[in-house]
Structures are given as structure tokens and as C-alpha cells.
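Reading through the C-alpha cells given below for one structure.
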2 protein chains.
Amino acid sequence: MMFKKVLIVDDHDDINSGVRTVLNNMGILKIDKAQYCDDAYLKIKKAHLEDDHYDLIITDLSFKKDYRDCSIQSGEQLIAAVKTEQPQLPVIVYSMDNRLQKVRGLISKHHINAYVCKDRKGSAELAQAITAVYNNTIYLSPQVSNALSDKADLEIEDYDIELIKQLANGRSQEEISDYFKQNNKTPNSLSSIEKKLNKLRIQFKANNAIHLVAIVKDLGLI
Amino acid sequence: MMFKKVLIVDDHDDINSGVRTVLNNMGILKIDKAQYCDDAYLKIKKAHLEDDHYDLIITDLSFKKDYRDCSIQSGEQLIAAVKTEQPQLPVIVYSMDNRLQKVRGLISKHHINAYVCKDRKGSAELAQAITAVYNNTIYLSPQVSNALSDKADLEIEDYDIELIKQLANGRSQEEISDYFKQNNKTPNSLSSIEKKLNKLRIQFKANNAIHLVAIVKDLGLI
DNA sequence: AAGCTCATTACGGTTTTCCGCAATGTGTGA
DNA sequence: TCACACATTGCGGAAAACCGTAATGAGCTT
């Protein structure tokens with residue numbers, strides 16, 4: 001057997017139909033789609049109330065804004081809403097984003113059941129993911145498969161994150177020093193901040209501060 | 001009547017199948033696909049030599065790198081190659097990129113026949129584009145429809161993106177200057193690079209280079 | 001050809017970052 | 001309490017980024 005009723009949430013209509021093809025090939029026929037998170041949420045809620053709930057949600061993470069203003073603006077918000085109301089409803093994320101920390105967060109915070117990277121073999125992996133999730137196992141695309149095992153970059157502290165965030169927001173090291181002093185966050189001397197950044201540069205193999213911010217952003221840490 | 005034989009060039013397999021669905025719905029049955037530009041180029045060339053040429057090419061612009069090293073690395077390069085050898089072969093670009101500048105360049109340099117933005121209504125627009133191109137008219141998605149008329153542009157160019165990418169990869173401005181000189185990319189003096197970055201900082205309201213990279217990364221431009 | 005605009009390059013000075021070293025502070029175990 | 005390790009801070013010099021200005025060059029109009 002297999003899932004019977006599935007909802008696809010993705011703003012791109014062709015990906016929507018690409019995923020639909022995958023599902024059809026697996027013998028799944030009751031397929032709905034939503035191009036906005038708000039629509040998706042309402043459909044899921046309605047189906048649940050009418051006792052005709054979905055067996056599986058497949059959703060993207062990022063949604064382009066257009067003339068409609070949506071209360072749910074990202075896939076992660078949608079997942080959070082769905083999983084708090086129906087924790088048993090399986091969710092597969094299907095996204096371009098391949099930041100490990102992002103994946104890790106989705107698994108630990110919202111307990112998503114699979115993460116598939118949109119890529120050359122995206123739909124093949126998606127099929128695998130669906131089978132895996134049906135058998136109650138978590139599936140991760142190879143690109144992000146070490147999101148659970150790899151702990152190396154988890155050892156970064158809140159202080160470091162805050163520091164790099166401030167950098168990414170355009171503040172100079174001196175401004176950050178002042179800012180930390182005002183907020184009683186220690187260490188806050190210019191020298192200490194330099195030293196911290198130096199350590200972080202080494203840790204992430206970055207040539208300079210710009211590189212560091214880029215790397216940490218790619219990992220999804222900030 | 002309609003096009004008979006079409007090649008789809010896109011690295012994402014689900015978009016590939018999404019486009020295929022669009023074509024099927026229009027009654028087009030002979031459909032090939034390629035996930036690498038090199039493959040696409042060879043297929044087009046082979047079909048041409050065997051007198052069984054394609055009637056239409058639908059291609060993306062950006063292709064992710066993987067283990068294969070390709071001589072043609074972007075959709076634009078592919079288009080350039082194809083259009084110089086077979087100028088009469090219609091090409092439709094189907095891309096996430098919605099920069100007017102880009103569209104304008106593709107039309108003026110390579111004489112592409114349509115530009116469709118991957119978006120919520122992407123596949124519907126793609127169908128329109130195919131019909132339009134079949135009737136020998138150029139089609140542009142609404143988002144970029146004024147690419148031909150509008151001339152005042154504060155848009156970001158490929159050069160700028162390359163420049164910021166280099167920054168994000170940890171190179172110093174001097175190293176970027178050397179790199180550009182080696183690759184014959186102009187302007188390449190340190191002074192020019194400083195000036196360009198200054199303009200970009202103003203354009204994106206960034207306090208410094210770090211801020212600039214962070215902003216542009218958030219916008220998804222790099 | 002002359003005049004104009006604009007892009008590119010060069011250069012000097014200031015600010016910020018980067019880096020090493022030294023001084024001070026803090027906590028832990030002998 | 002002393003000694004030791006380690007974190008924090010301060011400081012000075014080198015490198016890089018930042019900023020204004022000026023010279024040169026390329027393209028266009030008249």
C-alpha cells in the first residue's frame with residue numbers, strides 16, 4: 001500500500017506538476033496542490049475537520065511574494081503550524097536550500113519526516129523519500145545526509161552567532177564593541193572581538209570577515 | 001499545427017518533467033531532455049547532422065556544477081553556440097532570473113525567441129510562449145515585458161554578481177583585480193573594483209563590504 | 001576636429017581590519 | 001596560598017578597505 005491523499009505546496013506550478021508526476025507513477029491519485037502557504041494551511045485544516053485528512057504533505061520552504069499578502073509567508077511557518085496541530089501528519093520538505101543547519105533545525109524543531117534537495121535527481125530522491133516516510137523512516141538527500149550525524153559546527157556558541165550577525169548587519173568591530181557594552185554582553189572589548197573573530201575564521205577556514213559571514217550564511221547558522 | 005520535436009534543457013529533473021507535461025498538453029510528443037549543457041549541445045548538433053533537427057529548444061540559464069566538468073557551463077553559452085550554428089532554430093529561455101538587463105542582452109545578442117520567468121504561473125506562460133514563437137513573435141513574461149522598451153536601469157549586471165561572488169569567496173580586492181586581469185575581465189584595476197563596490201554599497205544601502213555580501217546573499221543574487 | 005560625457009585608472013590619505021605580543025584578570029587544583 | 005591555565009584587554013604595526021580627487025581614455029555629438 002501507499003499514501004492515498006497528498007498535498008503539494010510549492011509556488012512554482014511546473015514543479016507542482018513535476019511532483020504530481022512522481023506521485024502518479026507511485027500510484028497515488030488523490031493529489032491536491034497549493035501555491036500559497038495560506039491556502040495550504042486552510043486545505044489541511046479543512047480536510048482534517050471533515051475527517052478526510054491528508055496522508056502526506058510535500059512542501060517547499062521559500063515562497064515568492066506577490067500582490068497577495070499572506071499571513072504564513074514561509075514553508076517553515078507552515079510546517080510549524082501543521083505539526084503543532086497534527087503531529088502525526090508526515091511532512092516532506094522539497095527545497096533548493098541545502099544548508100545543513102537549516103535541515104537540522106527543521107528536524108529537531110518540527111520533526112519533519114524527510115528533506116529532499118531540488119536538484120538533478122530531485123524527483124528520483126523524492127520518490128525514495130516518500131517510500132521511506134511511508135515506512136516510518138526519515139529520509140535525507142545525500143547532500144544533507146550528514147545533517148544529523150555531523151556535530152562539528154554545532155559547537156558554535158550563541159555569542160559567536162550574535163557576533164557574526166552583527167557583522168552581517170553592517171556594523172564595524174568597534175560599533176559591535178560599543179553595542180555589546182551597552183547591552184552588558186561580555187566580552188566586549190575591541191580586542192576580544194578581534195580575537196573571537198580570528199578564532200571563528202580559523203574554525204570555518206575563512207580568509208577574512210567577509211568570507212566568514214558568507215560561509216556561516218551558507219550553513220544556515222545566521 | 002505545432003512544433004514537432006522539442007528539446008528541454010534544465011538540470012532539475014522535476015522541472016524537466018513539468019515542462020514535458022506542458023508540451024504533451026499541447027500535442028507535442030517528440031520530446032527530448034538534457035540535464036547538462038554539453039549533452040544538449042551534442043544532441044542538437046547530432047540531430048542537425050542527421051537531418052532530424054529540433055524545432056524548438058527550451059532552456060534554463062543556470063546549471064549547478066557537480067562532479068562532471070562541462071565545457072559549456074551556462075545556458076547563455078549554450079544559446080550562443082546554438083544560435084551561431086543554427087540561427088533559425090527557435091530558443092525559449094525558462095529561468096528564475098528576472099533581470100531586465102539579462103533579458104535584454106539575450107534578445108539583442110543571441111536573438112532568443114521568448115523569455116519566460118519560472119514563477120507561480122510559469123508553465124501557463126510557457127504554453128503561451130510556445131504558441132507565440134510558433135507564430136514567429138517574441139514572447140516575454142509580464143515581469144520582464146518592458147525589457148525592450150525600458151531603458152533606464154539600475155540593475156545589477158553579471159560583472160557585479162561575479163565581483164560580489166569573489167568577495168564572498170574570501171578574495172581581497174587586490175586578489176580579485178589580479179584574477180580579473182588573468183581572465184581578461186574588465187574593468188580590472190584595483191581602483192575600478194573599489195569604485196564598483198562603492199556603487200553597489202550605495203545601491204543596496206550597505207554600510208560596508210560585509211554588509212553588501214550579506215544583503216546580496218539574502219536576495220539570492222549569489 | 002573640437003567638445004562633451006562617462007568609464008577606467010592612478011594616487012594619497014584616513015579608517016578599519018588583521019595580527020602578534022604583552023599585561024591583567026579569573027578560576028581551578030595542588 | 002601558590003601556581004598554572006585560560007580568558008580578557010590593551011597596544012602597536014602591517015595590511016586591507018574606504019574615500020576623494022585627478023589624469024587618462026573611449027565613444028558620441030556637433
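Proteins come first, then strands; the chains are lettered A, B, ... in the order of their sequence lines, and each starts at number 1.
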Regarding the side chain of A:R201, the nearest nucleotide among C:dC18, D:dT9, D:dC18 is C:dC18
Closest to the side chain of A:E174, out of D:dT9, C:dT9, C:dT16, is C:dT16
In whole angstroms, the gap separating P of C:dT17 from NZ of A:K196 amounts to 18 Å
Would you say B:T186's side chain and B:N188's backbone share a donor-acceptor pair under 3.5 angstrom? no
Whole-Å distance, A:N184 CG to D:dT8 C1', equals 16 Å
note: B:L190, atom CG; D:dC18, atom C1'; distance rounded to Å ~ 11 Å
Looking at every strand, decide which applies to B:S192 at a 4.0 Å heavy-atom threshold: base, sugar-phosphate, or nothing. base
Picking from C:dT8, D:dC18, D:dA7, the nucleotide nearest the side-chain atoms of B:N208 would be D:dC18
Of the listed D:dA16, D:dT8, C:dC19, the closest approach to the B:S172 side chain comes from D:dA16
**Prompt:** Do B:D52 and B:K30 come within less than 4.5 Å of each other through their side chains, counting heavy atoms only?
**Reply:** yes
Open item on the list: Between the base of C:dA10 and the side chain of B:S191, is there a donor and acceptor pair under 3.5 angstrom?
Closed with: yes
Atom OH of B:Y159 and atom P of C:dA7 are separated, to the nearest Å, by 13 Å
Separation of C:dC19 atom C1' from A:N207 atom CG, nearest Å, is 15 Å
A:L167 atom CG is separated from C:dT16 atom P, nearest whole Å, by 14 Å
Looking only at heavy atoms, the pair that brings A:D10 and A:N16 closest together is O-ND2, 2.7 Å
Worksheet item: With sugar-phosphate meaning primed atoms plus P, OP1 and OP2, does B:N188 contact a base, only sugar-phosphate, or nothing at under 4.0 Å between heavy atoms?
Response: sugar-phosphate
**Request:** For A:E194, report the nucleic acid contact type (base, sugar-phosphate, nothing); a contact means any heavy atom under 4.0 Å.
**Result:** base
Whole-Å distance, A:E175 CD to C:dT15 C1', equals 12 Å
A:K195 atom NZ is separated from D:dT9 atom C1', nearest whole Å, by 9 Å
Original post:
Do B:Y36 and B:F63 make the cut of ring centroids closer than 6.0 angstrom?
Top reply: no
Test your reading of the model: is there a side-chain donor-acceptor pair from B:D14 to the backbone of A:G18, 3.5 Å cut-off? no
Of the candidates C:dA22, C:dT17, C:dT9, the side chain of A:Q173 sits closest to C:dT17
